[in-house]
Undergrad: 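Mind looking over this structure? Questions follow.
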Amino acid sequence: MRLTRLFILALMISALGLTACGRRGDLEPPEGYQNRDKDDPFTLDPLI
């Protein structure tokens, strides 16, 4: 019985920690993101 309560408590704490992810807003793009070259189109793009 005590092990079950400990497991439930650990589950609740981990769930609370996971819900706090991303509360500061979106991640910032990496440095040099604006200065990168455009990629060539992929061969199968017209099929998608």
Side-chain angles (χ1 to χ4, degrees):
M1 184 73 167
R2 184 174 176 101
L3 186 60
T4 304
R5 287 185 180 181
L6 185 62
F7 177 73
I8 292 173
L9 180 63
L11 185 65
M12 296 296 286
I13 290 172
S14 63
L16 182 63
L18 286 175
T19 58
C21 292
R23 290 205 48 183
R24 293 186 182 173
D26 295 334
L27 296 176
E28 297 177 6
E31 293 182 23
Y33 177 75
Q34 300 293 337
N35 298 334
R36 70 178 188 167
D37 297 333
K38 294 287 183 182
D39 293 334
D40 293 331
F42 186 62
T43 308
L44 298 177
D45 275 348
L47 297 176
I48 298 173

Undergrad: Check side-chain contact (heavy atoms from CB on, under 4.5 Å) between Leu6 and all other residues, then give those that pass, not counting sequence neighbours.
TA: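 side-chain contact (heavy atoms from CB on, under 4.5 Å) check on Leu6 returns nothing, list empty.
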
Undergrad: What pairs with Phe7 under side-chain contact (heavy atoms from CB on, under 4.5 Å), at least two apart in sequence or on another chain?
TA: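 In terms of side-chain contact (heavy atoms from CB on, under 4.5 Å), with neighbours along the sequence ignored, Phe7 is linked to no residue.
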
Undergrad: Excluding sequence neighbours, so at least two apart, what forms side-chain contact (heavy atoms from CB on, under 4.5 Å) with Ile8?
TA: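 Ile8: side-chain contact (heavy atoms from CB on, under 4.5 Å) contacts with Thr4, Met12.
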
